[in-house]
2 protein chains.
Amino acid sequence: MGKSKFILIYNALSEKIHKQEIAAGSLLPTENELGEQFKASRETIRKALAMLSRNGYIQKIQGKGSIVLDVSRQNFPISGLTSFRELANHSKDTWRTNVHQLVLMKPDDHLKMVMNLHDDQMVWKVIRSRSVNGEAVILDKDYLIQGLVPILTADICEHSLYDYIENDLGLKIGFAKKEITVEHAGVEDKRYLTMSRDTHVVVVRSLVYLESAELFQFTESRHRADKFRFVDFARREHQ
Amino acid sequence: MGKSKFILIYNALSEKIHKQEIAAGSLLPTENELGEQFKASRETIRKALAMLSRNGYIQKIQGKGSIVLDVSRQNFPISGLTSFRELANHSKDTWRTNVHQLVLMKPDDHLKMVMNLHDDQMVWKVIRSRSVNGEAVILDKDYLIQGLVPILTADICEHSLYDYIENDLGLKIGFAKKEITVEHAGVEDKRYLTMSRDTHVVVVRSLVYLESAELFQFTESRHRADKFRFVDFARREHQ
DNA sequence: CAGTGGTCTAGACCACAAA
DNA sequence: TTGTGGTCTAGACCACTGT
């Protein structure tokens, strides 16, 4: 993993674009030239370029070349799957996580339906709040299937749950389905969040699956509305 | 366009998955079998499968095969770039568009900065509201560069702006950068939207670019908070 | 071990843009 | 016309999953 030639080429080129060593608006070398530079076949180069295109680094134009896009005001990319800890590490602000609840429970009917659980499956319920500069602005409620995560401690939840899951347990996250809505703040929001004058929260509900396509986790992430921001890059599918 | 073999294979397979002719949880035929079925080389099959994977139809597992995912509760895919008209056509509710303003104007400083405009460039400003079952729930403010759209009429704005742009003007949309935030309702929201008891709107700001990588349009789409819903499918990038 | 998907290659032909 | 990207192919080898 991560050793594929086309990933190396992708990393080399995306880094150059980030560092502005290749100016926005200019053309990348042609695919044949890149093939010589990296000693790779054209199809391999094209895999790297397709990845750059998907992630908003370049725009390919037939007959012309690959235009480098302006990636400078590329704000935090929540668009993909990024854990809170990874985000916090990239920011200059001081983030802090508080664990409010950690229990092993029998799921209620609603959760059983949402997560498609069997009768005997138990889940870990974790409630955490995230604070930036002393203000609690995010409330996370996670439900993890015990069959996949046998043991969980407050200490792990306070540091990085995803680190533990991926590095210690060796589970690989594959994909997630997300839904974003806006709701009135409830009792839990008022209890755990610093609500200022706001009465609304943005709710991001996610079903997280492993690479094996097994459902692994359901998460409800509740954000104070005035602190919520979601940035996205989308390509038009011309078929 | 749209005639590529791998697109045809993608369409054939995604349709079968939608119609549940291939059950969720089962395995797709192997890549070699698909190659024989569609009389295509393995790399071509793999392009189609990669597209299915990106769009949440399958999960590929090395050494095992491609698992078909449950796509049945796949709600409206605002995730990509879809115009209001395309959305409305897929829904059972009755949508309606009202044009409130259509002017050719000199951009103010803020718009000039956001859109990176020259001093002499004029823009079309369009204000429209979208109603479902008689309630106005979305307010769209579009700014289009006149150099790319010489003429615009209220009639076009009331029907489909994107139809006109892509079919009549022959412009091809390439990609967009979006940002979603939540804000207090302003005077325009209160004037044009049926605000019920809500005091907040979800604001989606988009910079829309053509396939040539030229900036083409800036849009501010303001949604009544209780009617807003955004669904996303995201893969984890393991590098 | 056999069978699966993951990567890479060299070469061919087509579609499009610019001169 | 030349050079660019877009597609497709056949074959090779590697990595992983199951038996």
Side-chain angles (χ1 to χ4, degrees), chain A residues 1-13 26-54 57-69 170-172 174-175 210-214 235-239, chain B residues 1-13 26-54 57-69 170-172 174-175 210-214 235-239:
Chain A
M1 65 161 79
K3 299 198 170 179
S4 310
K5 210 176 201 175
F6 77 90
I7 299 275
L8 295 176
I9 297 170
Y10 168 84
N11 287 334
L13 291 174
S26 66
L27 288 172
L28 235 47
T30 71
E31 297 181 345
N32 285 319
E33 284 169 352
L34 289 171
E36 291 171 16
Q37 279 182 35
F38 289 99
K39 297 189 185 323
S41 75
R42 199 177 143 222
E43 282 289 3
T44 300
I45 295 295
R46 284 179 57 74
K47 272 191 198 170
L49 295 188
M51 203 166 175
L52 289 170
S53 172
R54 273 203 304 284
Y57 286 100
I58 62 171
Q59 172 72 10
K60 310 194 77 186
I61 302 178
Q62 188 171 93
K64 216 171 172 187
S66 296
I67 298 182
V68 177
L69 300 181
L171 301 174
K172 305 247 188 210
F175 58 94
L210 299 177
E211 282 191 347
S212 62
E214 282 177 289
R235 279 195 175 278
R236 178 117 173 126
E237 303 257 349
H238 278 291
Q239 294 190 26
Chain B
M1 64 163 77
K3 301 203 167 173
S4 311
K5 210 175 201 178
F6 78 90
I7 298 276
L8 296 176
I9 297 170
Y10 168 84
N11 288 335
L13 292 174
S26 66
L27 288 173
L28 235 47
T30 69
E31 297 180 346
N32 285 317
E33 285 170 352
L34 289 171
E36 291 171 16
Q37 280 182 34
F38 289 101
K39 299 192 184 319
S41 75
R42 200 176 143 224
E43 282 288 4
T44 300
I45 296 294
R46 284 179 58 74
K47 270 192 199 170
L49 296 187
M51 203 165 174
L52 288 170
S53 172
R54 272 204 304 283
Y57 285 100
I58 62 171
Q59 173 72 10
K60 312 195 75 186
I61 302 179
Q62 185 169 96
K64 219 172 169 183
S66 296
I67 298 183
V68 177
L69 300 181
L171 300 175
K172 305 248 190 220
F175 59 93
L210 299 177
E211 282 191 347
S212 62
E214 280 178 289
R235 282 196 173 277
R236 179 112 170 128
E237 303 256 351
H238 278 292
Q239 295 192 26

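Both backbone and side-chain heavy atoms feed into the values below; hydrogens, waters and symmetry mates do not.
Across C/dT7, D/dG5, D/dT9, the shortest atom-to-atom separation from the side chain of A/S4 is found for C/dT7. For A/T30, whose side chain is taken as the heavy atoms from C-beta onward, the closest listed nucleotide among C/dT7, D/dT4, C/dT4 is D/dT4.
The distance from atom NZ of A/K47 to atom P of C/dG5 is 15 Å, rounded to the nearest whole Å. Look at CD on A/E211: it is 10 Å from P on C/dG6, rounded to the nearest Å. Between the P atom of C/dT7 and the NZ atom of A/K39 lies a distance of 23 Å, rounded to the nearest Å. Remark: P of C/dT4 and CD1 of B/I67 are 15 Å apart, rounded to the nearest angstrom. Look at CD on B/E43: it is 12 Å from P on D/dA10, rounded to the nearest Å. Rounded to whole angstrom, the span from the CG atom of A/L49 across to the P atom of D/dG5 amounts to 8 Å. Taking atom CZ of residue B/R42 and atom P of nucleotide C/dT7, one finds them 10 Å apart after rounding to whole Å. Atom NZ of A/K3 and atom P of C/dC8 are 13 Å apart (whole Å).
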Dot-bracket for DNA chain C, 5' to 3', Watson-Crick and G-U pairs with both distances under 3.5 Å, [ ] for crossing pairs, | for partner on another strand, reads .|||||||||||||||||.

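If you check every strand for non-hydrogen atoms under 4.0 Å, A/I61 touches sugar and phosphate atoms only.
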Given side-chain contact (heavy atoms from CB on, under 4.5 Å), test B/M51 with B/I7 step by step and report yes or no.
CA-CA 9 Å; B/M51 203 165 174; B/I7 298 276; 3.9 Å; yes

Applying side-chain contact (heavy atoms from CB on, under 4.5 Å) to A/E33 and A/T30, what does each step give before you reach the verdict? CA-CA 5 Å; A/E33 284 169 352; A/T30 71; 3.4 Å; yes

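Within the structure, every side-chain polar atom (N or O) of A/S41 is placed at least 4.0 Å from both OP1 and OP2 of C/dA10. In this structure, A/K64 does not reach the C/dC16 phosphate: none of its side-chain N or O atoms is under 4.0 Å from OP1 or OP2. For the pair B/K5 and D/dT9, the criterion of a side-chain N or O lying under 4.0 Å from OP1 or OP2 is met. One finds a side-chain N or O of B/R46 lying less than 4.0 angstrom from the OP1 or OP2 phosphate oxygen of C/dG6. OP1 or OP2 of C/dT9 sits under 4.0 Å from a side-chain N or O of A/T44. Proximity of A/K60 to the phosphate of D/dT4: no side-chain N or O atom is located under 4.0 Å from OP1 or OP2.
Expressed to the nearest 0.5 Å, how far CG of A/L34 lies from CZ of A/R46 amounts to 12.0 Å.
Electrostatic pairing of A/E211 and B/K60 does not count as a salt bridge here, judged by no charged N lying under 4.0 Å from a carboxylate O.
Between A/F6 and B/G65, the residue anchored nearer the 5' end of DNA chain C, judged by the nucleotide with its closest heavy atom, is B/G65.
B/L210 and B/F175 make their closest contact through O-CE2, 4.1 Å (heavy atoms, listed as atom of the first residue, atom of the second, distance). Nearest heavy-atom pair across A/A213 and B/L69 is CB-CD2, 4.1 Å. In plain terms, the two heavy atoms of A/A40 and A/I45 that are nearest each other are CB-CD1, 4.2 Å.
When side chains are defined from C-beta on, B/Q59 counts as touching B/R235, because their heavy atoms get closer than 4.5 Å.
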